Amino acid sequence: MQQFITVFFDVYILLILAYVLTSWIRMPYSLHRVQRFLDDVCEPYIRIFRRVLPSFGPIDISPIVAIITLVVVQRVLVGVIERLQ
């Protein structure tokens with residue numbers, strides 16, 4: 001169970017990083033489906049932090065806060081599962 005949680009969170013963090021990278025780079029038309037997928041998967045979660053965090057002009061720190069939150073939750077869940085076993 002611990003490994004599943006670790007892999008799940010790690011994959012989602014990688015998806016967020018890919019989402020950020022694709023938002024910086026203009027993707028060729030053939031990869032628009034990938035960009036839409038990343039948007040559909042990551043944007044709802046990141047939007048939570050965009051609503052709460054203050055604006056820093058053109059700098060969007062919500063993906064950073066979202067990733068830090070995922071890491072903290074992952075460590076807490078793995079710690080709880082280790083204690084239950």
Side-chain angles (χ1 to χ4, degrees):
M1 186 68 170
Q2 294 166 287
Q3 190 169 4
F4 172 77
I5 289 173
T6 301
V7 170
F8 179 80
F9 278 84
D10 288 347
V11 167
Y12 198 67
I13 289 169
L14 289 174
L15 287 173
I16 291 173
L17 291 173
Y19 169 76
V20 169
L21 289 175
T22 59
S23 71
W24 293 344
I25 302 168
R26 185 170 183 176
M27 301 295 287
Y29 182 75
S30 60
L31 295 177
H32 280 297
R33 286 185 179 179
V34 173
Q35 197 167 17
R36 254 184 301 171
F37 168 76
L38 292 170
D39 187 49
D40 290 343
V41 171
C42 299
E43 184 62 30
Y45 176 64
I46 293 174
R47 194 178 310 130
I48 295 168
F49 298 98
R50 282 194 184 126
R51 285 188 215 141
V52 176
L53 295 172
S55 176
F56 292 103
I59 299 173
D60 183 15
I61 64 166
S62 56
I64 297 168
V65 175
I67 289 172
I68 291 170
T69 304
L70 283 174
V71 170
V72 169
V73 170
Q74 174 188 6
R75 289 184 181 178
V76 167
L77 284 175
V78 168
V80 168
I81 290 171
E82 283 178 353
R83 289 186 183 154
L84 291 176
Q85 290 180 351

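Quantities reported herein were computed from a predicted structural model and do not represent experimental measurements.
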Before you tell me yes or no, could you show the steps for Leu15 and Tyr45 under side chain to side chain contact (heavy atoms under 4.5 Å, CB included), namely the whole-Å CA-CA distance, both residues' side-chain angles and the distance that decides it to 0.1 Å? CA-CA 12 Å; Leu15 287 173; Tyr45 176 64; over 6 Å; no
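- Val7 and Tyr12 fall within the same hydrophobic cluster, defined by Ile, Leu, Val, Met, Phe, Trp and Tyr side-chain heavy atoms under 4.5 Å apart, directly or through other members.
- Evaluated for a side-chain contact (heavy atoms from CB on, under 4.5 Å) with Phe37, the options Asp40, Val41, Val34 yield exactly one hit, Val41.
- In this structure, Asp39 and Pro44 approach most closely via the heavy-atom pair O-CD, 3.8 Å.
- To the nearest 0.5 angstrom, Gln3 atom CD is 10.5 Å from Asp10 atom CG.
- Between the side chain of Gln35 and the main chain of Thr22, a donor-acceptor pair closer than 3.5 Å is present.
- Of the possible polar contacts, none joining the Tyr19 side chain to the Glu43 backbone as a donor-acceptor pair under 3.5 Å is found.
- Cluster annotation: Val72 and Ile81 are assigned to distinct hydrophobic clusters (Ile/Leu/Val/Met/Phe/Trp/Tyr, side-chain heavy-atom contacts under 4.5 Å, transitive).
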So Ile16 and Leu70, side chain to side chain contact (heavy atoms under 4.5 Å, CB included) or not? Walk me through it. CA-CA 11 Å; Ile16 291 173; Leu70 283 174; 3.7 Å; yes
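- To the nearest 0.5 Å, the span separating CE on Met1 from CD on Glu82 amounts to 13.0 Å.
- Between Phe49 and Ser62 the shortest heavy-atom distance is CB-CB, 3.9 Å.
- Cluster membership for Val73 and Val65, using ILVMFWY side-chain heavy atoms within less than 4.5 angstrom, is shared.
- Remark: Ile46 CD1 to Thr69 OG1 distance equals 11.0 Å, nearest 0.5 Å.
- Connection of Ile64 to Leu14 is not established within any shared hydrophobic cluster, with ILVMFWY side chains joined at heavy-atom distances below 4.5 Å, either directly or through further cluster members.
- Hydrophobic clustering (side-chain heavy atoms under 4.5 Å, transitive across Ile, Leu, Val, Met, Phe, Trp, Tyr) keeps Val78 apart from Val76.
- In this structure, Phe8 and Ile5 have side chains that are not in contact, with every pair of non-hydrogen atoms separated by 4.5 Å or more.
- At least one side-chain heavy atom of Ile67 sits under 4.5 Å from a side-chain heavy atom of Leu17.
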